[in-house]
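This report concerns only the one structure given below.
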Amino acid sequence: MAELDRSPRLPDPDAVFVRLVRAHRDLSAEESRRLDAALVLLLANQLGDAALLDRAIEAARAAVLASPEAP
Amino acid sequence: MPTTYANPRYSFRPPPELATGEGRARVVIVGAGVVGLTTALDLARHGIASILLDDDDTVSFGSRAICWSKRTLEIYDRLGLGQKLLDKGVTWKVGKVFFKDRLAYEFDLLPEPGHRMPAFVNLQQYYLEEWLVAACEASGLVDLRWKNRLQEVSPRADGVGLEVATPAGHYRLEAEWLLACDGARSTVRERLGLPFEGQVFRDRFLIADVVIEGFAMPAERRFWFDPPFHPGQSVLLHKQPDSMWRIDFQLGAEADPEAEKEPERVRARIRAMLGAEVPFALEWVSVYTFRCRRLERFRHGRIFFVGDSAHQVSPFGARGGNGGVQDADNLVWKLAAVLDGRAPESLLDSYDAERIPAADENILHSTRATDFITPRSEAARAYRDAVLLLAKDHPFARAMVNAGRLSTPHVYRESPLSTADGEAWSGGPAPGAPAIDAPLPEGEFLLGRLGGEPVLLVFGASAPTVAGVRILRLPAEGIAAERWDARPGTTYLVRPDQHVAARFRTPDPAAIARALERMWGRTSETARRAA
């Protein structure tokens, strides 16, 4: 089964974080949501692996649902 | 309101059973809609008589199902109505999808020439039904009983007891076989108490038939997401004969169906779409919601559910009417063979084995399309809109635009009637797939040569001798040979419904005979698997 690589793979993670946040500058909440969706779609296609995408979705849901604010 | 079509009124003829109180029939069909009429006509083409009951006395009101797919057209060609559909209907194959005021995606459903039938023909359901009624009457084998309402159904081991009400009184019928073609609100299904559950969609849709003389719009399917003239919702446009256009407006879940049907309100929506300067006349309006669901099984002893009585889909993809016609196509040759004593009754179990996966495929596609068209959360809408925004420049996103995946015939991959490939193939229709059309010399087409009986299609080589199957020889080169991945000696066994049962690189008469036995459900293995 495809496994998600959880180790750091980006040489400058701080810069990537900033880039992702900056991508949303000047956007309304609706546009911002669309931008994230478009980004996910582009990256999912680039990944080209539906099983690996499933692992990423599970990992993301697990992280969000484990947060203290989760209902 | 209608100006382009007047519904015929068929007269009630008192059936002979009214005098005696009861009668017998081999096959009774309930519901003279497209599916019931097609079933009756196909049975007649196989030489089987039937009684067809309908509680009304006319064809459909409003255009209803309008998009007839290539496979359905091929079925009607076999039944003798193909040319009428081509002559009267609007042929189309291009679809365009718009997001706001911009083209997001365009598709061509049949880019390849050399097929007798196009990808789609649009034709109002009432025309098709009217022609089917005439063809049924002309066959001399269909006892069409208008104003005959089915009241009670009593399933028995060797038949079905029916009670029928007419304007002139009641009577009883003992049917050997009952075919329930009585639609989404099936009386038969209700009387048997069979659960019919699935996904309910909350969004309401407005459907309008509109006559627009000289409307300069090409014959193609157009779909808008969130257009300026109907913000936040979707709109679907189809061309029909008689300068008639079908427009579907998504209204959302909160819409008031009665208020939305008000002609002035509908006209305002259409004016916003066409522009104030385009004159039009409103012919028919309806507001609908839909569900995606099916019966657990379509065969219940001597009763078969065919079409909407067995399964329901959303309208996106034209899978309701086409799926129903293809149910009939699948069932009729089997029932005819059983009634003629050529096949065991167990052959009929393959109707479930083949048409339940077909219904599931239709339900899956129409559910996915509906989820895309009517997003039910902010996240769903964001993803949907992102796909539409990306589609212009990113081919991968175009593949995700789902404004309805249009009806294609189901491939019976797991069919108990098929013989698995034993040799190497690099194309051509696999066992379970529908036959592929191709042009033949002198303007003929391959499918026109298949007919409604089993055929052994032999490419090049001299034909083997196998009892009980007609042989059709074709050259081992040319378009047909290419489409069927044929070399000299390549042989296909094609079923009466024009799906492939088996194929061989070298025609071995013993292997072909075994495949033919399996196709008729005459092997113990088939009986075991069907059970």
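So you know, we letter chains A, B, ... as the sequences are listed, proteins then strands, and number each from 1.
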In this structure, are over 12 heavy atoms from other groups packed under 6.0 Å from [X] atom [atom1]?
X        : atom1 : answer
A:Gln46  : CD    : no
B:Arg368 : CZ    : no
B:Glu254 : CD    : no
B:Gln199 : CD    : yes
B:Glu106 : CD    : yes

Requested in this report: List the atom of B:Ala386, the atom of A:Ala37, and the distance in Å for their closest heavy-atom pair.
Outcome: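 Scanning both residues, the minimum pair turns out to be CB-CB, 3.7 Å.
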Query - Nearest-0.5 Å distance, CZ of residue A:Arg34 to CG of residue B:Leu390 - result: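 So the gap between those two atoms works out to 11.0 Å.
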Query raised in the report: To the nearest 0.5 Å, how far apart are CD in A:Glu31 and CG in B:Asp385?
Result: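 With rounding to 0.5 Å, CD (A:Glu31) is 11.5 Å from CG (B:Asp385).
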Query raised in the report: For B:Ala397, is it the side chain, the backbone, both, or neither that has a heavy atom closer than 4.5 Å to a heavy atom of chain A?
Result: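 It is neither, since no heavy atom gets under 4.5 Å.
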Query raised in the report: Which bit of A:Leu42 comes within less than 4.5 Å of chain B, counting heavy atoms only: side chain, backbone, both or neither?
Result: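 For A:Leu42, the contact with chain B is made by backbone and side chain together.
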